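See below for the structure under consideration.
Just so we're clear, the structure is a prediction, and the values are computed from it rather than from any experiment. Start at 1 with the first residue, then count along the sequence.
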Amino acid sequence: MRVLIAPDKFAGTLTAVEAAAAIEEGWRRRDPGAEVLVAPMADGGPGFIDVLSAVVDGTLLAVTVRGPLGVETPATVLVAGETAYIETAQACGLHLVEPADRRPEAGTTYGVGQLIAAAVDAGAKRIILGLGGSGTNDAGAGLLAALGATAVDGDLAAGAAGLAELTAVDLEPALTRVAGIEFVAASDVENPMLGLRGATNIFGTQKGITDERKPAVDGYLTKFAELAGRKTADQKGAGAAGGLGYALLLLGAERVSGIDLVAELTGLKEKAARVDLVISGEGAFDFQSRDGKVIAGVAKVANDAMRPCVVLAGKVQIGSREMRTMGVESAYSLVDAVGEEQAFADPHGSLATVAERVAKTWAR
């Protein structure tokens, strides 16, 4: 039996690398002679560098940057020749701020700009940024400030609230700082930055922006866009990571699918063609898994190779009809198999247990 294991992270419990190891351990208990290929995945959010550092021949550059609320935080840039890879969540991720301490209108992407500057200083001519899991909603103003952009009657580095009274923005210093640099924004989000489908209204709730504050915050971002480049705010992906996509588009970035990028770098298509079964997984397999996420991407690759794809997840919250529409044959829930308390207390062991049960069904 030849098996490809290609999971996403199990948010809050296991990285993609750890999840893949647990699934392989469980499968081998039942089928020790299996040929197992492992390809941990990411869509641009948390875990992006962790996954890529295992397949890209490069070095990790340690950098200390400003976190979303100004606290210094460690981060890394993966440098491979003249290409650098950045995981923006390392500098502005929601996971960097405890729920009780979240102040989404003050969150800044300044640290992302510092990571870009570090990559440029390291000699990078092409910078690929994974977008996702952000705790900020500042339209990327902080990123631009870290690269030298300035403003009148406002503070680009103070989060969305710092944009409220802006009267002028000068992006030229930032554009000069990165002149000649090719940017690629890897993200699963196609939303524009403003309006009902924009960053604030669609993704603001998960960052702590209340419904009552959304019109005001969207107004702050609108003011910034009117001064920095209104048309760009309407482009696909401008709303990614709280408008971080917008700032990168202002810098001339090309937007690509995060999962497609990682799939290419990990050789997922070639590996899928060599196996009998593809296994993916994530913390919650739900309706959000359909659009540009890891499971949808892995299932598409498996289907293109005419291989069955099954999913192991902490929770399965999607029906069989929707699964099959995505190209997933079956899904298995850790919570249903071992109980919620055990699944969270011992995620590695629980995932291995479920993988062993899946092998009992699928191993030849």
Side-chain angles (χ1 to χ4, degrees), residues 1-43 45-55 87 89 95 132-133 259 262-263 266-268 271-272 274-286 289 293-299 301-302 307-318 323 328-364:
M1 185 75 179
R2 296 166 298 177
V3 182
L4 171 60
I5 299 172
D8 195 358
K9 65 187 176 301
F10 281 56
T13 57
L14 298 170
T15 67
V17 173
E18 292 168 342
I23 294 170
E24 180 178 6
E25 177 186 317
W27 185 278
R28 289 196 182 281
R29 289 177 191 164
R30 182 71 186 183
D31 185 18
E35 178 186 341
V36 178
L37 303 181
V38 176
M41 301 300 292
D43 57 15
F48 185 66
I49 292 296
D50 190 30
V51 167
L52 293 187
S53 61
V55 295
E87 179 183 314
H95 67 283
I259 180 59
V262 175
T266 56
L268 191 68
K271 290 175 180 176
R274 293 167 49 195
V275 301
D276 305 301
L277 175 69
V278 177
I279 301 174
S280 192
E282 65 177 341
F285 184 27
D286 55 24
S289 305
K293 298 292 186 178
V294 165
I295 287 180
V298 172
V301 169
R307 302 296 190 268
C309 178
V310 299
V311 168
L312 282 62
K315 294 182 179 180
V316 175
Q317 299 171 318
I318 191 170
M323 281 185 219
V328 174
E329 290 286 333
S330 301
Y332 303 85
S333 164
L334 273 65
V335 169
D336 290 347
V338 303
E340 187 164 1
E341 183 176 346
Q342 179 65 17
F344 280 95
D346 181 17
H348 179 100
S350 299
L351 185 54
T353 295
V354 174
E356 182 180 3
R357 296 180 187 180
V358 171
K360 183 177 181 180
T361 300
W362 287 90
R364 296 185 306 197

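Residue pairs meeting the salt bridge (charged side-chain N to carboxylate O under 4.0 Å, His left out) criterion with at least one partner in residues 328-347, sequence neighbours excluded, are Lys315-Glu340. For residues 347-359, the pairs satisfying salt bridge (charged side-chain N to carboxylate O under 4.0 Å, His left out) are Arg29-Glu356, with sequence neighbours left out.
Once rounded to the nearest 0.5 Å, the distance linking CG of Asp8 with CG of Leu14 reads 11.5 Å. One distance of note links CE of Met41 with CD1 of Ile5; it measures 13.5 Å at 0.5 Å rounding. The distance from atom CE of Met323 to atom CZ of Phe285, rounded to the nearest 0.5 Å, is 5.5 Å. For the atom pair Met1 CE and Asp31 CG, the distance stands at 7.5 Å (nearest 0.5 Å).
The heavy-atom pair separating Pro7 from Ala20 by the smallest distance is CG-N, 3.6 Å. Cys309 and Ala299 make their closest contact through SG-CA, 4.0 Å (heavy atoms, listed as atom of the first residue, atom of the second, distance). Summarising the geometry of Ala6 relative to Val298, their closest heavy-atom pair is O-CG2, 3.7 Å, with the distance given to 0.1 Å. Heavy atoms only, all atoms of each residue included: Val294 and Ala42 are closest at CG2-C, 3.7 Å. Nearest approach of Phe10 to Gly281, heavy atoms of both residues: CE1-C, 3.8 Å. Scanning all heavy atoms of the two residues, the minimum distance from Pro46 to Lys9 falls at O-CD, 3.5 Å.
Of the possible polar contacts, one joining the Ser350 side chain to the Gln342 backbone as a donor-acceptor pair under 3.5 Å is found. Side-chain N or O atoms of Glu87 include one that pairs as donor or acceptor with a backbone N or O of Phe48 at under 3.5 Å. Under a 3.5 Å cut-off, the side chain of Lys271 and the backbone N or O of Thr266 do form a donor-acceptor pair. Using a distance-only test at 3.5 Å, with no hydrogens or angles considered, a donor-acceptor pair links the side chain of Asp276 to the main chain of Arg2. In this structure, the side chain of Ser280 does not engage the main chain of Val311 through any donor-acceptor pair within 3.5 Å.
Inter-residue side-chain proximity for Leu37 and Val3 is flagged as unmet; no heavy-atom pair is nearer than 4.5 Å. Between Asp43 and Val262 there is no side-chain heavy-atom pair separated by less than 4.5 Å.
Under the side-chain contact (heavy atoms from CB on, under 4.5 Å) criterion, Ala284 pairs with Asp286, Gln317, sequence neighbours left out. Contacts of Ala272 classified as side-chain contact (heavy atoms from CB on, under 4.5 Å), with partners at least two apart in sequence or in another chain: Leu4, Val278, Val301, Ala305. Under the side chain to side chain donor-acceptor pair (under 3.5 Å) criterion, Asp50 pairs with no residue at all, not counting sequence neighbours. Checked against side chain to side chain donor-acceptor pair (under 3.5 Å), Glu24 has the following partners two or more places apart in sequence or in another chain: Arg28. The side-chain contact (heavy atoms from CB on, under 4.5 Å) search around Ala16 returns Pro40, Val51, not counting sequence neighbours. Scored by the side chain to side chain donor-acceptor pair (under 3.5 Å) test, Arg274 finds no partners at all (sequence neighbours excluded). Residues satisfying the side-chain contact (heavy atoms from CB on, under 4.5 Å) test with Val358, not counting sequence neighbours, are Trp27, Val310, Leu312, Tyr332, Val354, Trp362.
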